[in-house]
Engineer: 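Questions regarding the structure given below will be posed in turn.
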Amino acid sequence: MAYSGRLPRESLLWIFAAQFAVLLPHFARLPLWIVAGWVLAAWWRAEVSRGRRELPGRMIKLVAVALVVGGLVLSYGHWFALEPMVALLAVSFTLKNLELVTRRDAFLSLLLAYFVAATLFIFDQGIPHAIYGVLAVLVVTAALVAQAGAGSARPRRALGLSARLLAQSVPLMLLLFLVMPRLGPLWAVPQEDASATTGVSDSMSPGDFANLSKSDKPALRITFDGPVPPPEQRYWRGLVYADFDGRRWSQGFGVDPREGGQVFWRDNEVALPEVGPRYRYQVIQEPTRSQWLFAMARPHSATDGVGETRDDRLVRSEPVFSRLAYEVRSWPRDSINEVTPMGDFDRRRNLQLPDGGNPRAREWAARLRAQGLSPSETSDAVLSFFNQQFTYTLAPPSLGADTVDGFLYDTQRGFCEHFAGSYVFMMRAAGIPARVVAGYQGGEWVEGEEYLLVRQYDAHAWAEIWTGERGWQRVDPTAAVAPERVRNGLQTAAADEFMRDALVPLHRFPVLKRLQLQWDMINYRWYRTVVGFDSQRQQDLLRELLGQVTSARLALLVALPAVGALLGIWAWLWFSGRGRRAPPAARLYRRFCRRLARYGVERRPGEAPADFAARVGRELPHLGPMARSITTAYQRAAYADDPAALVQLRRLLRGFWPRLRRGPAPGQG
Amino acid sequence: MQKIISAVVADIGKVLLGKDHQVKLALACLLSRGHLLIEDLPGMGKTTLAHALAQALGLSYKRVQFTSDMLPADIVGVSIFERDSGSFRFHEGPVFSQLLLADEINRASPKTQSALLEAMEERQVSVDGETRPLPQPFFVIATQNPMHQSGTFSLPESQLDRFLMRISLGYPTREAERALFQGVDPREQLRQLRPRLDRAGLAKLQALVGQVKASASLLDYLERLVLHTRQSQECPVGLSPRGALALLHAARAWALIHARGHVVPEDIQAVLPAVAGHRLQSESGDGAQLVERLIRQVDVIAA
């Protein structure tokens, strides 16, 4: 019982509740032993408060710290990443329970709880997390309130006061949200975010896109500023695969910026077309843990840290670990007239084929080549072959060693990656430079064309061929087989197979689908207005509010509401603290007392009027009779409710002030 | 009416020399239909005061000396079987009087104390399942030795609360004591006291107390006082609503005694030590200092 006297049990329970509230979302992310550690520490502390156990001694604490450090090393192996840091914070927070003795310790633990609550937003900034964060702060504040003693720990009272405090802090929060400078991160902390979906990867082998087609997670959200491209133009290019090893398509060496691929990071490095861009839009991309971004052909982005590659893609200087927004301007290829000729290196790269394999396809390509057709005629021949014989399906049969031959002549069933891969193989074999492009195609309008939602199942692969006079041209072999895939999306093209493996076939219920879209829209707006409120948008808003952002005006913006709020609080305290207005007689009498106090006779609070009058008579004899009659008048006015006495009191006081000012008559002392 | 009151005060003043304030308080207590507790050492004139009051107001007077072996029946009365009539007849105890002096109430056991206190509160007694009303008016003056004296059962707070006032007489001044030595024997004086009031007159006076005006300003002051006792750290127990009401009644009676038709703060301040002193327990020392501080700290005039 030695310690229980210092922290009452209710406040201890509140601390545990606060700790649980802030740690709960981390529990899923942290190793299980940290959870167990927290439970153990809390249990131990609870036992102490019940008098069954002493607080651990120095040795036990040291052992606990050593165990925890060892555990962290074993669990993570590296330090400078977010997860181990958060784990360290959670663990020290947990161990603090073993030292929870005084009220000061309680405050420390709860302040730490606020910090832990803030770390939630490192991992996710969505609406559910935000709501949970507010709830956690509510509980932590209630726990803080509960430390005040004297019944403050009662749940309703603590939570009520906490809610009131939080509500009162909302204006300040909004103000800070608007004007607080948005600092960039001091350093980028690598984050192992399991929630990031890779989506399109940097290589394509059979089956990749079939997997993507099973996910309805959002990938991109696109808002257009101005004209909107027609559905058949919505090809969001992310990756270009130029290297084929007989089974797998990949970018090839030297394309990725990490491998030294050339990227134009600055605006003036690459000449932009002279005509204006046809499309301007903003893309909000879900985290992918990779660097490539998605945009329509011939893109340019003014967003910091986004550059263009030589094959008309956008990449970012760092992997996209959290939701990223970027502005894009696009010049479709048909709007650009001049064509940069293709260099030898590019020609070789885009004609590359493995040395052997797929003899039947090569033979057919050689035949087409022998006919002396132009690139577009060759392409048409292949596409019409696709159109006549092939079936679009999400569940293609497996292919043998010669994947192209197997697909073209045996199975003839497949989806975008098969069509794109075989098509490019055929083109290259026929001597036409070609490449596979991967990204997303299509998208779904949300809320009356407010934005275009592109999901993982919109992942797509298509081809580009070099036509000499017109440069690179997009060819979508899938469109030759299943034109509805391009026009209306995957769901129409493969109605039966679409999302067949989904646990809950949401897409079959229009209501649920609409709800899903609504929810996505709410998320989108949340991201646009709250999470995406970066320094740029802050500047814009401040400029809109202030006209011109100068430090004086900014100070005014902060100071005016603050001063206003303080004045309001002051006025409220003034009016509510004053209570009822004192009756007129009391006010007159008070003035009488104040005036006398200036002459050295001050009425003590508990001194009744008659006693005071007697004292005035003793200390200022020349005023004695006057003070007595005033007091009598006051008493009659205040306590006998005599209206005539009030009038008399006024009259007496009017006569009294001059007497008071004149001071004692000569000779009276 | 006013003449009668000052005459009564003067009459008793002749018997109990130099204790005008206490006499007036006792009278105020009686006029506001409350009971009085006098706490003082033996021989200070407690009994004399009670007796003089009874005489001057023309009340029937009985005195009970409380002892530790007293039983409730000794106060309330008992039913005794009478062979003549062949039935039980109730013999009224001393409680059936208009003014009862319960001397040294804290010498009796709690059981007996509570029998009296019950009678004081209800103004009736129940014996053998029969409820008998007490005479009107019914006024108890209990005396009590200071607590630390041996052989006493201190009255619990709830029972102290039944007394409207608790006063102590204190030693007489030098002049008063000299006058006592030189003057006529007080017991002789007591015998010569003639009632100034009859029962109807007393009832009328008691009714007049209720008509004394207590203005809003005064009630504000009263509220501030009461609130202070409830909020101040110094007072572990604040003044109950009954205590506040007692304060108002006593102040009204005090104003009436002083020939005023309205209560002024001075009235409240005058009766406050007697009314609140035994209701405000303080951990350190007695309620008197607490009341003194209370009077000093609470502003008489509304802010």
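Just so we're clear, the structure is a prediction, and the values are computed from it rather than from any experiment. Letters go in sequence order (proteins before strands), and every chain restarts at 1.
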Engineer: Report the option among B:E266, B:Q269, B:R260 that has the most heavy-atom pairs separated by less than 4.5 Å from atoms of chain A.
Structural biologist: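 Of B:E266, B:Q269, B:R260, B:E266 has the most heavy-atom pairs under 4.5 Å with chain A.
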Engineer: So do B:V300 and A:R603 actually touch side chain to side chain, heavy atoms under 4.5 Å?
Structural biologist: yes
Engineer: Using non-hydrogen atoms only, which part of B:V263 is less than 4.5 Å away from chain A: side chain, backbone, both, or neither?
Structural biologist: backbone
Engineer: What verdict does the side chain to side chain contact (heavy atoms under 4.5 Å, CB included) test give for B:I301 and A:Y634, after you've listed the backbone C-alpha separation in whole Å, the side-chain angles of each residue and the deciding distance to 0.1 Å?
Structural biologist: CA-CA 11 Å; B:I301 316 293; A:Y634 163 68; 3.3 Å; yes
Engineer: Could you check whether any side-chain N or O of B:S217 sits under 3.5 Å from a backbone N or O of A:Y639, counting only pairs where one atom can act as donor and the other as acceptor?
Structural biologist: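 No.
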Engineer: Looking at B:E121, I want to see if its CD is surrounded by more than 12 non-hydrogen atoms of other residues, nucleotides or ligands under 6.0 Å.
Structural biologist: yes
Engineer: What's the shortest heavy-atom distance between B:K213 and A:A640, and which atoms?
Structural biologist: CE-O, 3.5 Å
Engineer: With a 4.5 angstrom heavy-atom cut-off, which part of A:R587 approaches chain B: side chain, backbone, both or neither?
Structural biologist: neither
Engineer: If you count heavy-atom pairs within less than 4.5 Å of chain B, which of A:A585, A:P609, A:P583, A:C593 leads?
Structural biologist: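 Option with the greatest count: A:P609.
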Engineer: Tell me whether the count of non-hydrogen atoms from other residues, nucleotides or ligands lying under 6.0 Å of OH in B:Y171 goes above 12.
Structural biologist: no
Engineer: Heavy-atom count check: over 12 atoms from other residues, nucleotides or ligands less than 6.0 Å from B:R242 CZ?
Structural biologist: yes
Engineer: Using only atom types and a distance under 3.5 Å, with no angle test, would you say the side chain of B:Q297 pairs donor to acceptor with the backbone of A:G606?
Structural biologist: no
Engineer: Regarding A:R590 and B:D299, does a basic nitrogen lie under 4.0 Å from an acidic carboxylate oxygen?
Structural biologist: yes
Engineer: CZ of A:R636 to OG of B:S215: how many Å apart, nearest 0.5 Å?
Structural biologist: 11.5 Å
